[in-house]
Amino acid sequence: MLLAETAAGPAWSWNLITDVQEMWSFPFMVNAFRAGTIVAVVSAAMGYFVVLRRQTFAAHTLSTVAFPGAAGAVLLGISAVYGYFTVCVAAAVVIAAVGWRGGGGGADEAALTGTVQAFLPACGFLFIALYKGLLGGPQSLLFGTFLGITTSQVTVLLGVGAAVLAALALIGRPLLFASVDPQVAAGRGVPVRALSVTFLVLLGAATAEASQITGTLLVFALMVIPAATAQTTTGRPGTGLALAVFLALAATWLGLTTAYYWPYPLGFFVTSYAFAGYLLVRSGRTLHTWLSRTRAPLLYKEATA
Amino acid sequence: MLHPMAKARTAAEGTVPPPRAPASEPPAALTVADDPVIALRGAAVRVAGRALWSGVDLCIGAGEFVAVLGPNGVGKSTMIKVLLGMLPAADGEVRVLGARPGQANHRIGYLPQRRSFDPSMRIRGVDVVRLGLDGDRWGIPLWPFGARRRAARRRIEEVIELVGASTYAYRPIGTCSGGEQQRLLIAQALVRRPELLLLDEPLDSLDLPNQSAVTALISRICHQENVAVVMVAHDVNPILHHLDRVLYLAEGGAASGTPEEVITSPTLTRLYGTPVEVLRTSAGRLAVIGQPEAPALHTDRHADRHAVGPAAGGDHAAG
């Protein structure tokens, strides 16, 4: 108790039930958990396809434009939530259109995207400087915050998240086909091009969601790391998808709890937990291949002996 | 690009088509038994305003193994695209499985050119095969225990067994070798029991033992399962004694018939319009000497090889 008083903040008591009860007695923490859960599920599910389709560059572009979108919305006196969604979805449509003209993944597209990626965050920085309001600098937009998530914000997140997941469930199988094997999928009548555009738009919405929890710079913590970890672990699409969602949820919940008890940024904790999981799986995998490589000749010798 | 075959996805409603026995054939397909699988009459094609080939006549029956041969850039892969309806024929008549190209694509297994999965592709071979069965269906199957799912699983196991991929089908496909991947992709093309297989250079980038093993596999499927096979190839030798018929494209024209009829000095001389000699080794391998390069495409690059002929280069039909 003494420690808690001197630290002037909540203290971890190792009694999980009372800890969680105490944490959830604050409405802002309940909202943070609700929002985090929605975002983790949506990001991880979308992330599975991002990693499979190798579209991390597109996802990164969407997350960098999210920042000026939010800053611009705040400057105009609108909620940042709408700024995120409008700009991310618009950017997704533009990327899809440019990709269409460039014949898909050309060097042109990469150079153009890189150029825009430099310019738009600079605009965002200007918007924040112009605003001079309560925002207190670009930090919370860039690196995320869990303070002050309103119930209406959670409702918006839930609505958009449910729509994204429903759309993903509908197009999931053809999208997997088109991602793994576009030529044969096209031969089978799968609308590869339309699916690619739809996926980018969904990705825009998912990025806008994730930006609100992890900040625009740390979107990959929930979008790419859990999916990459899952794909390193398993080659089954269903299991991989479920594992990615589970890992994202674990990183988010652990991150939120840690950030509640420790006065350091949420984005750092969420990213660190996700990264630790990735590191663990990666090293486990390396160990496994190393063991099977060194053990195989031994077994062979035994067999021939 | 808009794929016309998007219109023809009637089979997408069912999962596993029943084994093709004459009695179980749907009434729509009840045509004459020896109705050709592919019929081309005076077919011609243009790509970007340039006529690639014209006056192609070809008739392929069920269970026939046919190779499309010819030098580089002559439009062999384009032939596959025409048969799939991805490219319209500029002239003549093209019928595939008794319909216009693209109308019957659900009854065709297609293996595009040079596909390989790199090691970072973390998806199992069996999942890639499964996508060939139901990958074009919308929605996510939530209940994995139904009779339909069992039938689908059985069919996938069966087709993996057929191509001899059982030992590595459950590994991520990126970790399989080129030959193993090619077998899994053939399984994917076969999983819906197609009546026609279109294979675009399936032996490309395989080593010699794998070339003959994959050829033997395709030939066995073709004759056992009565699937017509059209295979684009740049070297006829690995497949020569399995072939029922060849289509030789060159200089904008074509010759078709049995390999013994087509790959001869007189026929190829007439086709190329320049003296060409076909040599047969004691082991039965064929070498085509003195054929000119494909028009326009590689003339500058291979100018020095014209005098010698392509026998030195490995990348020629019957080379």
Side-chain angles (χ1 to χ4, degrees), chain A residues 45 48-49 51-54 56 100-101 103-104 165-196 198 227-244 281-282 285 288-289 292-293, chain B residues 1-12 80-81 83-86 102 105-106 108-115 117-118 120-142 144 169-175 184-185 188-189 192 194 198 200:
Chain A
Y48 183 83
F49 287 97
V51 173
L52 196 70
R53 296 169 65 85
R54 289 128 209 240
T56 43
W100 194 309
R101 213 186 44 204
L165 284 182
L168 193 62
L170 184 69
I171 66 169
R173 230 180 335 177
L175 183 66
L176 187 72
F177 199 5
S179 310
V180 172
D181 208 349
Q183 277 175 292
V184 174
R188 277 285 161 81
V190 172
V192 176
R193 190 67 99 176
L195 278 177
S196 157
T198 313
T229 313
Q231 286 191 22
T232 312
T233 315
T234 174
R236 293 164 180 265
T239 318
L241 207 57
L243 187 60
V281 165
R282 239 8 241 246
R285 207 178 162 75
H288 178 82
T289 43
S292 56
R293 207 175 294 155
Chain B
M1 203 205 314
L2 200 99
H3 290 287
M5 67 278 299
K7 288 179 240 156
R9 286 198 302 115
T10 45
I80 299 280
K81 294 212 175 92
L83 293 177
L84 279 170
M86 291 159 108
N105 278 12
H106 55 279
I108 299 177
Y110 168 46
L111 197 74
Q113 194 175 11
R114 213 168 286 146
R115 275 187 308 158
F117 299 94
D118 60 83
S120 66
M121 182 57 87
R122 305 281 309 170
I123 192 160
R124 298 176 307 166
V126 65
D127 296 314
V128 173
V129 175
R130 171 166 213 123
L131 284 173
L133 184 67
D134 60 7
D136 55 353
R137 299 184 71 202
W138 303 96
I140 279 176
L142 291 173
Y170 293 86
R171 291 214 316 251
I173 197 163
T175 64
L184 286 165
L185 291 174
Q188 186 203 46
R192 272 199 199 167
L198 300 177
D200 200 344

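Below, read A as the first sequence line, B as the second, and so on, with proteins coming before strands; counting in each chain starts at 1.
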- Message: So which atom in A:R188 and which in B:I108 form the shortest heavy-atom distance, rounded to 0.1 Å?
- Response: NH2-O, 4.0 Å

- Under 4.5 Å heavy-atom distance to chain A, tell me which part of B:L185 shows up: side chain, backbone, both or neither. side chain

- Item | Proximal component of B:Y170, with respect to chain A [non-hydrogen, under 4.5 Å] | neither

- Return the option, out of A:V51, A:T232, A:V180, with the maximum number of heavy-atom pairs under 4.5 Å with chain B. A:V180

- Between CZ of B:R122 and OG1 of A:T234, what distance do you get to the nearest 0.5 Å? 8.0 Å

- Below 4.5 Å from any heavy atom of chain B, which atoms of A:L195 appear? Answer side chain, backbone, both or neither. side chain

- Pick from A:L52, A:T233, A:I171 with the largest number of heavy-atom pairs that fall under 4.5 Å of chain B: A:I171

- Looking only at heavy atoms, what is the nearest atom pair of A:F177 and B:G135, with distance? CD2-C, 3.5 Å

- Item | Heavy-atom closest contact (A:R173 atom, B:L131 atom, distance) | O-CD2, 4.1 Å

- Query: Under 6.0 Å from the CZ atom of A:R282, do we count more than 12 heavy atoms belonging to anything else shown?
  - Reply: no

- Which residue out of A:A178, A:G240, A:P237, A:P174 racks up the most heavy-atom pairs below 4.5 Å with chain B? A:P174

- Item | Contact origin within A:A185 toward chain B - heavy atom pairs under 4.5 Å | neither

- Note on the structure: Rounded to the nearest 0.5 Å, the CD atom of A:Q183 sits from the CG atom of B:D200 at a distance of 8.5 Å

- Message: Side chains of A:L176 and B:I123, heavy atoms from C-beta outward: is any pair under 4.5 Å?
- Response: yes

- Message: Please check if the number of heavy atoms outside B:R171 that lie under 6.0 Å from its CZ is greater than 12.
- Response: yes

- Message: Please find the pair of heavy atoms, one from A:G187 and one from B:Y110, that lie closest to each other, and give the distance.
- Response: CA-CD2, 4.5 Å

- Item | Nearest non-hydrogen partners of A:G235 and B:D127, listed with the distance | O-OD2, 3.2 Å

